[in-house]
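Since the model is a prediction, treat every value here as computed from it, not as a measurement.
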Amino acid sequence: MNFLAHLYLSGDDDSVMVGNFIGDFVKGRNLSERYDTSIVRGIELHRSIDAFTDSHSIVMQSKDKLREKYHHYSAVIVDMYYDHFLARNWSTFHALSLKEYTLVAYSTIKKYEDILPDAVRHMLTYMSRDNWLLAYAKLEGIHRALSGMARRTPFQSRMEEAVVDLEKHYDVFEKEFLEFFPELKAHATGFLNS
């Protein structure tokens with residue numbers, strides 16, 4: 001899953017949300033030496049979400065449709081597709097509007113600026129200015145995000161073409177997301193309650 005899903009799946013604890021948000025940027029296992037308990041919980045939640053997602057049969061179906069063309073980048077693309085569908089179906093999952101939620105999320109993360117990895121701090125400037133999370137709800141926003149990732153990859157990924165495949169199989173990918181996401185939500189809730 002990508003940024004929007006990770007934030008949403010964090011529940012109501014701000015520190016957990018921040019830890020979950022920075023999860024991809026934090027390496028290693030000695031987390032408690034570097035972060036408070038709730039931040040560590042968020043990083044661990046991030047890793048648990050990723051492991052659950054990567055091994056789920058529905059997600060594999062989505063990736064299989066893309067694998068021949070995009071190879072290992074199919075996983076990244078499906079993460080973006082699923083964030084798009086979360087954004088498009090946001091009112092099904094949250095009482096706040098997506099715009100309100102994203103503004104609260106950016107504000108919350110900025111309160112923890114002193115512990116954010118440098119790469120996150122740099123990215124957050126552009127992310128909040130252009131409201132990437134809100135932009136995910138539109139195909140143009142997903143196209144912009146995937147094109148940006150394609151420019152930053154050292155190898156040819158063709159991710160800039162992926163919105164065409166999303167449009168081509170839109171209903172199928174949305175159906176797979178809507179089947180998968182409640183299971184992921186239950187997994188994340190179970191993790192946080194354990």
Side-chain angles (χ1 to χ4, degrees), residues 1-26 35-50 53 76-149 151-152 159 162-163 166 170 173-174 177-178 180-182 184-189 191-193:
M1 301 306 293
N2 204 25
F3 292 119
L4 182 59
H6 278 289
L7 290 167
Y8 169 74
L9 293 167
S10 299
D12 297 327
D13 186 310
D14 290 353
S15 299
V16 170
M17 177 189 277
V18 171
N20 198 350
F21 182 74
I22 67 173
D24 278 334
F25 299 85
V26 177
Y35 298 104
D36 291 341
T37 305
S38 292
I39 298 287
V40 171
R41 190 88 170 130
I43 295 167
E44 290 171 343
L45 173 61
H46 183 106
R47 292 174 179 179
S48 181
I49 288 168
D50 283 355
T53 300
V76 176
I77 294 166
V78 168
D79 283 350
M80 291 301 302
Y81 287 3
Y82 282 15
D83 254 20
H84 167 70
F85 291 118
L86 176 56
R88 292 281 297 180
N89 293 281
W90 184 258
S91 62
T92 303
F93 298 104
H94 206 283
L96 283 181
S97 73
L98 180 58
K99 184 173 185 178
E100 291 173 298
Y101 180 84
T102 62
L103 296 176
V104 170
Y106 296 133
S107 174
T108 300
I109 295 163
K110 287 176 183 176
K111 289 178 193 167
Y112 291 79
E113 194 168 12
D114 58 322
I115 63 113
L116 298 178
D118 290 341
V120 173
R121 202 175 301 117
H122 177 75
M123 176 192 71
L124 187 60
T125 301
Y126 302 100
M127 181 182 232
S128 59
R129 182 192 71 197
D130 299 332
N131 202 343
W132 294 0
L133 299 173
L134 183 62
Y136 289 167
K138 297 185 186 286
L139 289 174
E140 307 86 60
I142 291 296
H143 177 66
R144 195 175 317 117
L146 288 165
S147 296
M149 285 190 265
R151 283 192 300 277
R152 291 188 296 276
M159 284 190 285
V163 77
L166 174 56
Y170 196 89
F173 282 121
E174 184 172 35
F177 166 78
L178 291 170
F180 164 70
F181 198 70
L184 178 59
K185 171 95 169 110
H187 171 79
T189 300
F191 180 95
L192 289 171
N193 290 336

Is any side-chain heavy atom of [X] less than 4.5 Å from a side-chain heavy atom of [Y]?
| X | Y | result |
| --- | --- | --- |
| Ile43 | Leu45 | no |
| Ile22 | Leu116 | yes |
| Glu174 | His84 | no |
| Thr108 | Leu7 | no |
| Leu9 | Leu192 | no |
| Asn131 | Tyr106 | yes |

Between [X] and [Y] (side chain of the first, backbone of the second, donor and acceptor by atom type, cut-off under 3.5 Å), is there such a pair?
| X | Y | result |
| --- | --- | --- |
| Ser107 | Leu103 | no |
| Asn89 | Thr92 | no |
| Tyr82 | Leu178 | no |
| Asp83 | Ala5 | yes |
| Tyr136 | Leu4 | no |
| Thr189 | Lys185 | yes |
| Asp36 | Ile39 | no |

Please report the shortest heavy-atom distance between [X] and [Y], naming the atom on each side.
| X | Y | result |
| --- | --- | --- |
| Ser10 | Val16 | O-CG1, 3.6 Å |
| Phe93 | Tyr8 | O-OH, 3.1 Å |
| Thr125 | Ser128 | O-OG, 3.5 Å |
| Ser15 | Ser38 | CB-CB, 3.2 Å |
| Ile49 | His187 | N-NE2, 4.4 Å |

Residue Asp12 excluded, over 12 heavy atoms near CG under 6.0 Å: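 Check fails, neighbour count at 12 or below.
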Rounded to the nearest 0.5 Å, what separation is found between the [atom1] atom of [X] and the [atom2] atom of [Y]?
| X | Y | atom1 | atom2 | result |
| --- | --- | --- | --- | --- |
| Leu166 | Phe173 | CG | CZ | 7.0 Å |
| Thr37 | Glu44 | OG1 | CD | 9.5 Å |
| Asn20 | His46 | CG | NE2 | 6.5 Å |
| Met159 | Arg151 | CE | CZ | 10.5 Å |

Aromatic contact, Phe3 with Phe21 (centres under 6.0 Å):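 Yes, close enough.
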For Phe85, all residues meeting ring-ring contact (aromatic ring centres under 6.0 Å, His included), sequence neighbours excluded: Tyr170
Sequence-distant partners of Trp132, ring-ring contact (aromatic ring centres under 6.0 Å, His included), two or more places apart: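 Trp132 satisfies ring-ring contact (aromatic ring centres under 6.0 Å, His included) with no residue once adjacent residues are dropped.
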With Tyr35 via side-chain hydrogen bond (donor to acceptor under 3.5 Å, both in side chains) - residues at least two apart: none
Residues that Arg121 engages under side-chain hydrogen bond (donor to acceptor under 3.5 Å, both in side chains), provided they are two or more places apart: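 Once residues adjacent in sequence are excluded, the partners of Arg121 under the side-chain hydrogen bond (donor to acceptor under 3.5 Å, both in side chains) criterion are Asp118.
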Whether Trp90 and His94 hold their rings parallel, tilted or perpendicular, with breakpoints at 30° and 60°: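 Judged by the thresholds at 30° and 60°, the geometry between Trp90 and His94 is parallel.
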Can you give each donor-acceptor pair under 3.5 Å made by side-chain atoms of residues 139-147, sequence neighbours left out, with the distance rounded to 0.1 Å?
| residue | atom | partner | partner atom | Å |
| --- | --- | --- | --- | --- |
| His143 | ND1 | Glu160 | O | 3.3 |
| Ser147 | OG | His143 | O | 2.9 |

Residues His6, Asp24; criterion side-chain hydrogen bond (donor to acceptor under 3.5 Å, both in side chains); working and verdict: CA-CA 11 Å; His6 278 289; Asp24 278 334; 5.4 Å; no
Test log, rule side chain to side chain contact (heavy atoms under 4.5 Å, CB included), inputs Phe180 and Thr53: CA-CA 9 Å; Phe180 164 70; Thr53 300; 3.6 Å; yes
Pair listing, salt bridge (charged side-chain N to carboxylate O under 4.0 Å, His left out) test, anchored in residues 92-112, at least two apart: none
Side chain to side chain contact (heavy atoms under 4.5 Å, CB included) evaluation trace for Leu98 with Leu133: CA-CA 8 Å; Leu98 180 58; Leu133 299 173; 5.5 Å; no
Check against side-chain hydrogen bond (donor to acceptor under 3.5 Å, both in side chains), Asp14 and Tyr112: CA-CA 9 Å; Asp14 290 353; Tyr112 291 79; 4.9 Å; no
